[in-house]
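Take a look at the structure set out below.
No hydrogens, no waters, no symmetry mates; every other heavy atom, side chains included, goes into these values. What you see is a predicted model; the values in this text were computed from it and never measured. To find a chain, count down the sequence lines: A is the first, B the second, and so on, and within it residues start at 1.
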Amino acid sequence: MIDGLQTWWLMPLVAGLLLAVSAGPLGSFVVWRRMAFFGDTLAHGALLGITFGVLTDLDPTLALVVGSASLALILLPLQLASRLSADTLLGIVSHGTLAIGLVALSLADGIRVDLMGYLFGDLLAINEGHVYWLLGSTAITLTLVLCFWNSLLAVTVSPELARIEGRPVLLLDLMLILLLAMTVALAMKVVGILLISALLIMPPAAAHALSKGPRQMAAIASVVGIVSVLLGMWASFRWDTPAGPSIVVTAMLLFVVSLTFRRKR
Amino acid sequence: MSEEPILRADNLSLTFGQKKVLDQISLDIQPRQIITLIGPNGCGKSTLTKVLLGLVRPDSGKIIRSRQLRIGYMPQNLPLDQRMPLNVDEFLRLTRRSTRAAVDHWLERLNITSLKDQSVHDLSGGEWQRVLLARALLVEPELLVLDEPVQGVDVQGQLELYQLIPQLRDELGCAVLMISHDLHLVMSATDEVICLNGHVCCSGHPETVSADPAYLELFGRRLDDGIAYYTHHHDHEHCDHDHSSPHTNAGHHHD
């Protein structure tokens, strides 16, 4: 009885926590580079990845990651292009891919897909397989971000100066975007397509008020993410609310609380 | 004997849409030389700088740099995202291959040690300019490129900075390329001036250029209301080189 209880909440919890840990630093870069919309676009495009997975019989998680990564590669020039036009273009691509994904999914014959689960997350359906994927992606993300921290930060602060100083700007951009694509793809089960950007942006936004340096901000963002997952899941069990949105609501409340800290300083 | 230039630009041209921004521009930068690019707003100074730095590709022409040329660049402005908490020290440590000792050395040399722990978002224009200069110097440049700040730095601050340039050149043994819209601010610091307005209008020694008809054509009218020229020994001595000549130091020999 107790064993049964343990297994049904353990996997979702671990998945949520792993995601929160890697979303901290990645989300900080998203905030600093104003890439929020880009994250959205990747998430929307992930729906196409699911269709791709359904049609090809590939491991669904693998299909998701591959789909998301390909989309990121296609969008990279867009991200690097002038900010103004990129904004509109990303909007078109973002909502376009979401719509195409929904249409394609409905056309994929004979397969019933739990659309709500993809849009808003289905944390409780997470199994051991997902957790291994998240474990791998979190390990890769943390390792690369820590190893290349100075380079990534330098490119974020000023791509121009970084290039003149001889840093491999394109490779670093590519790395960050692929890490983001992987994380977004894996976050889908946890918070859902429509709320992935929230998980990337809210913890760093809340961390901002509390931190004195970029390193600290990324670390605190991870902590805020962890707290959001813990409290959100607890609330979800307590009041029987959907887990993904509950986590995001918690993150938002933490952000609001952080605003009062900013006042004081 | 002229040394090999550390950077040679050969016939650079660049067109944005209909506008010819750079028109067959050639120039040489010799080791330890201080060159100033001047010209009115929109004359292509900043664009030329970006091309020379390798950030913008020209439509035609080429740039030859000495191997592994280390360039330090102080940009006109570097807007930072407010949402990244960053202090001056951390900003400087982002310079590639910078060391703790080097950062401390330049903070001290530029009299900004007191700013070390301050947030980069709270600096005045002049302070931020010095921090950006420190960042450029941390590269241990062979060529230092200084773009004129667009805002927030007063004339006094600019003058102080320009007085520092020849000293820095001597300390580092680097060449310097400065960009300015005002020759008189930089006159005493510079060895050679290139007056730019899409194409190279004239070039040479600062005193020569300040009397050049092409220069006066561009700037003269602004100055005749009471502001004296710094030196005026050579009344209307014209540039003695052909203006279509590709190499700007044609009228200014390095023997």
Side-chain angles (χ1 to χ4, degrees), chain A residues 24-36 80 82-83 148-172 200-221 224 255 258-259 261-262 265, chain B residues 16 46 49-57 65 67-99 117-122 128 131-147 177:
Chain A
L26 277 183
S28 298
F29 280 107
V30 168
V31 166
W32 295 329
R33 294 173 156 232
R34 299 168 186 263
M35 283 169 68
L80 301 177
S82 87
R83 299 251 162 103
F148 294 97
W149 177 260
N150 255 6
S151 303
L152 284 170
L153 205 60
V155 170
T156 302
V157 166
S158 169
E160 226 173 41
L161 288 183
R163 181 170 313 167
I164 290 167
E165 287 166 10
R167 290 194 196 269
V169 176
L170 187 67
L171 278 179
L172 290 163
L200 283 170
I201 289 163
M202 286 178 184
H208 178 233
L210 307 169
S211 36
K212 290 205 176 86
R215 232 176 261 268
Q216 214 182 11
M217 179 164 154
I220 295 179
V224 172
F255 169 71
S258 82
L259 288 178
F261 279 90
R262 193 174 310 201
R265 265 169 52 185
Chain B
F16 285 153
S46 288
T49 312
K50 293 214 157 106
V51 172
L52 293 177
L53 289 168
L55 296 172
V56 175
R57 201 182 285 263
R65 301 185 190 183
R67 291 185 106 232
Q68 303 280 316
L69 180 69
R70 282 192 311 275
I71 300 181
Y73 174 52
M74 183 181 86
Q76 230 173 11
N77 191 11
L78 192 70
L80 292 185
D81 196 305
Q82 289 282 341
R83 286 163 296 188
M84 186 192 290
L86 193 69
N87 67 32
V88 168
D89 190 49
E90 283 170 311
F91 173 76
L92 292 177
R93 285 308 301 274
L94 291 179
T95 319
R96 200 170 185 215
R97 302 202 184 92
S98 64
T99 61
D117 296 321
Q118 244 183 63
S119 161
V120 288
H121 305 294
D122 300 338
W128 182 225
V131 172
L132 289 176
L133 177 61
R135 169 108 188 226
L137 292 167
L138 276 166
V139 176
E140 294 178 21
E142 292 155 280
L143 172 61
L144 184 60
V145 180
L146 309 172
D147 207 343
L177 176 68

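- To the nearest 0.5 Å, atoms CG (A/L161) and CE (B/M74) are separated by 11.0 Å.
- Atom CD of A/Q216 has more than 12 heavy atoms from other residues, nucleotides or ligands within 6.0 Å.
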Check against side chain to side chain contact (heavy atoms under 4.5 Å, CB included), B/M84 and A/L153:
CA-CA 10 Å; B/M84 186 192 290; A/L153 205 60; 3.8 Å; yes

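- In this structure, the portion of B/R93 lying under 4.5 Å from any heavy atom of chain A is its backbone and not its side chain.
- When A/G166, A/S158, A/P204, A/S151 are compared by the number of non-hydrogen pairs under 4.5 Å with chain B, A/G166 comes out ahead.
- Atoms OG1 and CG, from A/T156 and B/L80 in turn, are 11.5 Å apart once rounded to the nearest 0.5 Å.
- The side chain to side chain contact (heavy atoms under 4.5 Å, CB included) test applied to B/R65 returns B/L7, B/I63, B/L69, B/I71, not counting sequence neighbours.
- For B/P75, the part lying near chain A is the side chain, with the backbone staying farther off; criterion is any non-hydrogen pair under 4.5 Å.
- Closest approach of B/F91 to A/V157, counting heavy atoms only: CE1-CG1, 3.7 Å.
- Every salt bridge (Lys or Arg N to Asp or Glu O under 4.0 Å) that B/D81 has, sequence neighbours left out, goes to A/R34, B/R83.
- Between B/P85 and A/S211 the shortest heavy-atom distance is CB-O, 3.8 Å.
- For a residue to count as touching a neighbouring chain, one of its non-hydrogen atoms must lie under 4.5 Å from one of that chain's; by this rule A/R167 touches chain B with backbone and side chain alike.
- Pairing each heavy atom of A/I164 with each of B/Y73, the nearest pair is CD1-CD2, 3.3 Å.
- Distance check: B/L94 CG to A/W149 CH2 gives 10.0 Å after rounding to the nearest 0.5 Å.
- Interface remark: B/S119 contributes no atoms to any contact with chain A (heavy atom separation under 4.5 Å).
- Each of B/R97, B/R96, B/R135 was compared with A/E165 under the salt bridge (Lys or Arg N to Asp or Glu O under 4.0 Å) criterion, and only B/R135 meets it.
- Contact count versus chain A (heavy atoms, under 4.5 Å) is highest, among B/L138, B/V139, B/L55, for B/L55.
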